[in-house]
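For reference, the structure is listed below as structure tokens.
Atoms within each ligand, like the ligands themselves, are counted from 1 in listed order.
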Amino acid sequence: MIEAREGSIELLEGKIKSKEAKVGIIGLGYVGLPLAVEQAKVGFQVTGFDLNSDRVRMINAGENYIGDVNSGEFRELVVEKLIVATTDMSLLTNMDVLIICVPTPLDKNLIPDLSYIQNVTGDIAAHLRTGQLISLESTTYPGTTREIIQTRLEETGLRSGIDFYLAYSPERVDPGNKRFGTRNTNKVVGGADPESLRVAVGFYQQAIEKVVPVSSTQIAEMVKVYENTFRAINIGFANEIALLCDRMGLNVWEVMDAAFTKPFGIMPFYPGPGVGGHCIPLDPHYLEWKAREYNFQTRFISLAGEINRKMPEFVVDKAARVLNIDSKALHGSRVLLLGMAYKGNLDDYRESPGIDVYNLLQLAGADVVFHDTWTPHVKEHGMDAHSIDLSDAELRKADLVILITKHSNVDYERVSRLSKRILDTRNIIKSDHSNVTLL
Ligand SMILES: NC(=O)c1ccc[n+]([C@@H]2O[C@H](COP(=O)([O-])OP(=O)(O)OC[C@H]3O[C@@H](n4cnc5c(N)ncnc54)[C@H](O)[C@@H]3O)[C@@H](O)[C@H]2O)c1
């Protein structure tokens with residue numbers, strides 16, 4: 001039994017240590033569901049909140065829909081009632097800890113769309129009570145937690161660090177990564193005030209091996225966008241070198257593989273058909289947008305974004321050149337895209353460069369189809385198509401096969417044997433086949 005004043009920091013910390021704290025996770029997608037599992041595994045009673053009633057129903061039926069979640073482990077936690085889900089936001093008030101994992105997309109003009117965070121903040125404000133910890137994990141620009149969440153929650157009359165506790169702790173999950181998951185990926189935590197940091201660090205230490213405290217929520221927010229921007233810029237640079245090597249008639253893959261043998265001062269980043277997913281194409285623009293408020297131009301970010309967004313056009317240009325070898329035009333040619341997910345062995349096609357390549361090929365008059373068992377139906381950015389079977393007949397029929405994503409369930413040796421022409425944008429087929437052209 002915990003002896004501490006109702007609503008006090010000691011009471012909350014005591015509940016966290018004894019696992020009596022009730023944990024609410026808002027937004028049960030790629031980030032929220034794995035997090036719910038990790039928290040339930042250490043013994044917390046977790047309630048998942050989502051507006052999507054299908055997802056809520058599936059969770060309560062023990063049906064997993066996220067690749068990184070172990071289905072057996074998940075079902076057991078549901079059966080033991082350590083994980084339940086609801087669409088009823090009035091239950092937020094029963095939670096001791098609330099973790100926000102809702103989307104942070106960009107609108108059509110590459111402007112941050114914070115409406116999800118604003119909506120959730122409104123729900124929390126409506127049910128806020130003393131002694132709750134609220135932690136934002138969605139990726140966003142530095143200042144969001146303070147400017148949007150703290151301001152709104154304090155309009156209730158309750159204050160951060162006294163009545164409730166507020167933190168930002170970026171989710172760093174790398175979907176599909178078998179070595180690093182939620183538990184063994186270091187967790188950066190920033191508090192709105194010293195009390196909030198203390199409570200948040202104590203909470204995250206229960207389920208995560210190493211917690212890295214930083215001095216404010218803004219620093220923690222900047223850490224996350226810096227990390228993802230670092231990747232976007234390095235991929236952009238690799239893509240720029242690929243464009244130059246194409247002009248100079250050099251094999252960019254040979255250049256990179258040799259460069260990455262240097263044991264220090266360099267890190268592998270490879271070119272490709274463009275960037276996809278919910279992070280790399282979007283997050284740098286959150287920083288770019290915020291920088292404008294300070295009359296500051298983030299030139300590296302703009303340039304990398306420009307190059308990365310142009311890559312699908314380059315793929316289509318190169319496809320036209322490959323077809324030229326056989327005196328064919330894009331118009332009327334059958335083009336088969338292999339892989340539509342933005343990353344190998346994943347079912348996520350959000351912002352996938354394959355979608356742009358598909359749409360551009362259609363515009364050019366090609367008869368374009370795709371195969372990807374991970375994404376059987378792709379419906380985004382004007383594309384609405386189903387994966388076809390990768391039969392011998394389909395491979396023989398295509399005038400050109402373009403390799404977009406490397407999945408381990410595709411036999412690329414068979415693909416290279418049966419296809420007339422292949423454009424390999426990922427250096428998947430390493431052997432010297434005369435019908436293969438590299439990006
Ligand atoms: N996917 C990744 O690899 C990854 C990695 C690190 C960080 N992030 C960040 O984490 C955040 C979430 O991303 P995700 O990929 O998990 O998104 P997602 O789209 O997979 O899941 C978000 C969930 O939030 C729900 N939701 C939306 N509005 C809601 C509301 N008002 N109340 C309750 N639920 C609501 C949606 O129905 C959905 O189930 C984003 O900010 C993203 O940038 C994502």
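The pair D193-R198 does not meet the salt-bridge criterion, since no charged nitrogen lies less than 4.0 angstrom from a carboxylate oxygen. Between R179 and D174, none of the side-chain N atoms (NZ, or NE/NH1/NH2) sits under 4.0 Å from a carboxylate O, so this pair counts as no salt bridge. Contact check on R146 versus E221 returns no salt bridge, with no Lys/Arg side-chain nitrogen under 4.0 Å from an Asp/Glu carboxylate oxygen. A salt bridge links K41 with E38; the closest basic N to acidic carboxylate O contact falls under 4.0 Å.
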Name the atoms and distances for all side-chain donor-acceptor pairs under 3.5 Å in residues 49-56, with sequence neighbours left out.
unit_1, atom_1, unit_2, atom_2, d
D50, OD1, N52, N, 2.9
D50, OD2, L28, N, 2.7
N52, OD1, D54, N, 3.0
N52, OD1, R55, N, 3.1

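Within 4.0 Å of ligand 1, contacts by protein heavy atoms are made from I26, G27, L28, G29, Y30, V31, F49, D50, L51, N52, R55, M89, C101, V102, P103, T104, Y116, V120, S138, T139, E171, V173, P175, K224, H278, C279, R350.
In this structure, the side chain of R426 does not engage the main chain of L439 through any donor-acceptor pair within 3.5 Å.
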